[in-house]
Amino acid sequence: MAAINEVTDLSFDDDVAIVTVDSPPVNALGHHVREGLYQAFTEASGADCEAIVLICGGRTFIAGADIRELGTARSGPTLGAVQDAMESSGKVMVAAIHGTALGGGLEVALCAHYRIADPNSRCGLPEVKLGLLPGAGGTQRLPRIIGVERALEMITSGEHVPAPECHRMGLIDELADERSLRSDAITFARRIVAEGRPSTLVRDMKDKLKVTPGLFEEFRSSHTRRFSGFDAPEMIIRCMTAAVTLPFDEALEIERSLFEKLLEGTQSKALRYVFFAEREARNLTDVDRSVVPLKVHRVGVVGAGTMGGGITMSFIDAGIPVTVVETDPQALQHGLDVVRANYDRSIRRGRFSVEQVDERMGLVSPSLNLDDLSGVDLVVEAAFERMQTKTEIFARLNEICKPGAVLATNTSALDINEIAAVTSRPEAVIGMHFFSPANVMKLVEVVRADQTSDEVINTVMATTGRIGKVAVLVRVCPGFVGNRILAARRRAADELLNRGVMPWQIDSALRDFGFAMGPFQMSDLAGLDLGWVREESTGSTIRERLCELNRRGQKTGAGYYDYDENRRPTPSSITSEIVTEFARRSGVEHRRFDDSEIVDRLVLGMVNEGARILEEKMAMRASDIDVIWLNGYNWPRYRGGPMHWADQRGLRTVINGLEAMAAEEGPHWEPAPLLRRLASVGGSFGDA
Ligand code: 3HC
């Protein structure tokens, strides 16, 4: 084997040249890989061989361009030059795929004449998730193999398609034995040569490019919601339109220029930031990662309410058996019925088969007795949100659960140290704060209490990953990280009401910013009466007044908004009168706010709270705060998160905005000292 460079080798097996890339962790197409590939293909083309096999070492085929290199000055041959070298080699070219062939990786494989794959591998063009489009011919070559309609779906969703399905679509020509990809690829290449099978380049194929009239318009309109706010999907559709209307090279030029345009834009910058932020969140700075996590074979969930049910689904979806405990048989049955009904909806949507749902439900053991949790490895308590209820349950769990079991609470705000204190094993107590609906929302705030052990933290982080959720480690403070920032946003929103701004204007401004809903719609959905007690209500806040009028949210047909029988909201004249009355009484000056000022106020409030959280070390890093807001509160991904938003604005501008807010509303909006410190040295939250 001859080394081409530190990441690429060229070897020969008689008449077959083998180009091997081995550049951990994922063989990304950084400049060394591009250089190695270019030289290897050029050398192999001039060699005395019939075919060239491209294969990768390590865990995967090429997983795409090197995302860290995107947007920086690139050296070495371009990806286009590598692809030209492949297509002009004059040899039969075979790509041998294992792991994942993604983005630029699949685009390289599409320059081979044939593709053979490990049956466990996956192929995809996930650039859209980075705010990009496939920029190395993906929008042109993929439809030539699998047809325009399927390619549109695959590229705009970024899905990773399993090899057997790729085989059915013709994207993969042959499935290898999972133990012998390399030798199977060589044999396959020889067979093609021996049979004299045609070696047509994908770029020269045309048959699959025929489309039914109106296909693109229809695709656009049926995906309006999914694409809303994102720039890349429309650009992808434009490239695909070019694919069916223009010669290959002209369409390729359009693809390149639209790729560059997206690459320079704010959305791709934000989404690439998110890619790394989500991975960085797994990197625990002050926890001993060498402590091996405990094995979690069985989980207990205390409480079969909305949260308990959703949490149960999250575990059984991952194949982990759950014992669900309730106090009351009816509540238990109702909880299980809701879980079943959720799954039935998934069956109707074609997401699961009846057998898959039955299998999941078979993993649930219902119980009315906490003693049944004696053998579980992890308990998640999701009972009523009241300290006394929680401490009683934890005192019992302390007696019942086996030594070494992890005792987690799903509290969203209570002091976990206080809960841990009622046990004789505070090192085993931790928060696992799921977000509603827990079976859907990706985030789990993992809340370490003062005495939580590293073993327990590592176990919960690993288990959360195992159930497909995003775990972010935080510390105990009121509201933890996510809800504490939510409260700051709400405070800023309520202040706007005091100045006569209507709830629907605030909600609509936030929707235009990219949120699915605003704070007042959220209140109506959750119920305005959370924590409201009729007997103690004094009508001193807008919320209390609405509750007293039985406007307690969607469930009562009215809240901040009026609702029709289909739960469609309309602005309410009653709410409007109450807001106007409170605004008049507040004594503050009223003025008009346009939508951008409304959004700025709300987000500035969030950023300031985020800065305080960082100062107090309640979150490990600014990007963790963004990951929390992206995955727990549906912050628009193409805006990167509140702390990224602040960094893009520039911290000096953020401070100016907060100072103006403080001048109008009071000293609680004074910029956090950390903000001032960072701004004084021209820094950003990324440096905090
Ligand atoms: N560039 C740079 N680094 C990458 C990378 C890439 N394309 N893909 C993964 N990495 C890094 C990750 O940051 C991580 O680094 P860390 O260990 O320092 O945190 C490491 O590789 C392992 O990644 P994961 O933790 O994500 O490992 P998994 O095994 O869970 O997943 C994967 C592997 C499915 C390949 C996943 O990493 C992934 O989806 N990667 C991104 C793929 C992608 O988006 N490709 C398209 C790139 S854009 C492009 O190709 C443009 C072209 O059209 C011109």
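One-based numbering, in listed order, for ligands and for the atoms of each. Worth saying up front: this structure is predicted, and the values here are computed from it rather than measured.
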Working for salt bridge (charged side-chain N to carboxylate O under 4.0 Å, His left out), residues R203 and E87 | CA-CA 9 Å; R203 55 155 55 218; E87 291 189 324; 3.0 Å; yes
What atoms of ligand 1 come closer than 4.0 angstrom to any heavy atom of R59?
-> 22 (C), 27 (O), 28 (P), 29 (O)
For F275, take its heavy atoms, then give the atoms of ligand 1 lying under 4.0 Å from any of them.
-> 8 (N), 9 (C), 13 (O), 40 (N), 41 (C)
Distance, nearest 0.5 Å, that separates CD1 of I613 from CD1 of I628 = 8.0 Å
Answer with yes or no whether the side chains of D231 and Y638 bring together a donor and an acceptor at under 3.5 Å.
-> no
Hey, does L132 sit under 4.0 Å from ligand 1 if you only count heavy atoms?
-> no
Close-contact set for ligand 1 against E127 heavy atoms, below 4.0 Å | 48 (S), 49 (C), 50 (O), 51 (C), 52 (C), 53 (O)
Measure up the F188 and Y114 rings against each other and bin them: parallel (under 30°), tilted (30 to 60°), perpendicular (over 60°).
-> perpendicular
Report the part of L130 in contact with ligand 1, treating N, CA, C, O as backbone and CB onward as side chain, heavy atoms under 4.0 Å; options are side chain, backbone, both, neither.
-> side chain
List every atom of ligand 1 that sits less than 4.0 Å from any heavy atom of D66, numbering the atoms from 1 in the order shown and giving each element.
-> 1 (N), 2 (C)
R68 to F276, cation-pi by 6.0 Å centre distance and 45° axis angle | yes
Under-4.0 Å protein heavy-atom contact, atom 32 (C) of ligand 1 | no
Do R279's NZ or CZ and the ring of F275 fall within the cation-pi criteria of under 6.0 Å and 45°?
-> yes
Which of the ligand 1 atoms, numbered from 1, are nearer than 4.0 Å to a heavy atom of F276 = 13 (O)
Mode of A63 contact toward ligand 1 - side chain, backbone, both, neither (heavy atoms, under 4.0 Å) | both
Test item: protein heavy atom less than 4.0 Å from atom 48 (S) of ligand 1 | yes
Is ligand 1 less than 4.0 angstrom away from at least one heavy atom of R282?
-> yes
Which residue and heavy atom of the protein sit nearest atom 34 (C) of ligand 1, plus the separation = L102 CD1, 3.9 Å
Do any N/O atoms on T100 end up under 3.5 angstrom from N/O atoms on ligand 1?
-> no
Is G135 close to ligand 1, meaning an N/O of one under 3.5 Å from an N/O of the other?
-> yes
Verify the contact flag for atom 1 (N) of ligand 1, where contact means a protein heavy atom under 4.0 Å away.
-> yes
Short N or O distance, P25 and ligand 1, threshold 3.5 Å exclusive = no
Backbone, side chain, both or neither: what part of P126 comes under 4.0 angstrom of ligand 1, heavy atoms only?
-> side chain
Basic-acidic side-chain contact under 4.0 Å: E107, R141 = no
Element-labelled atoms of ligand 1 that are located less than 4.0 Å from some non-hydrogen atom of G103 | 46 (C), 50 (O)
Taking only heavy atoms of P134 into account, list the atoms of ligand 1 that are under 4.0 Å away from them.
-> 53 (O)
Of all the heavy atoms in E280, does at least one lie under 4.0 Å from an atom in ligand 1?
-> no
Look at atom 7 (N) of ligand 1 and say whether a protein heavy atom is found at less than 4.0 angstrom from it.
-> yes
Any idea which atoms of ligand 1 are less than 4.0 Å away from a heavy-atom of E107?
-> 52 (C), 53 (O), 54 (C)
Electrostatic pair R637-E278, nearest N-O below 4.0 angstrom = yes
Salt bridge flag under 4.0 Å for residues D286 and R475 = yes
If you measure from the Lys or Arg side-chain nitrogens to the Asp or Glu carboxylate oxygens, is any gap between R360 and D317 under 4.0 Å?
-> yes
Tell me which part of V26 gets within contact of ligand 1: side chain, backbone, both or neither, using heavy atoms under 4.0 Å.
-> side chain
Quick one: pull up CG in L630 and NE2 in H644 and give me the separation to the nearest 0.5 Å.
-> 10.0 Å
Check the pair E149 / V211 against side chain to side chain contact (heavy atoms under 4.5 Å, CB included), numbers first and verdict last.
-> CA-CA 8 Å; E149 206 168 338; V211 291; over 6 Å; no
Electrostatic pair R150-E153, nearest N-O below 4.0 angstrom | no
Report yes or no: is the cationic atom of R639 (NZ for Lys, CZ for Arg) under 6.0 Å from the centre of the six-membered ring of F513, at an angle within 45° of the ring normal?
-> yes
Answer yes if a protein heavy atom lies under 4.0 Å from atom 15 (O) of ligand 1, otherwise answer no.
-> no
Pairing of E234 and R220 as salt bridge, 4.0 angstrom limit | yes
re atom 19 (O) of ligand 1, the protein heavy-atom contact at minimum distance is R279 CB, 4.0 Å
May I have the step-by-step check of ring pair (Phe, Tyr, Trp, His ring centres under 6.0 Å) for F435 and Y633, ending in yes or no?
-> CA-CA 8 Å; F435 288 69; Y633 301 84; 5.2 Å; yes
Which residue holds the protein heavy atom closest to atom 18 (O) of ligand 1, what is that atom called, and what is the gap in Å?
-> R68 NH2, 4.7 Å
Report yes if G104 has an N/O atom closer than 3.5 Å to an N/O atom of ligand 1; otherwise report no.
-> yes
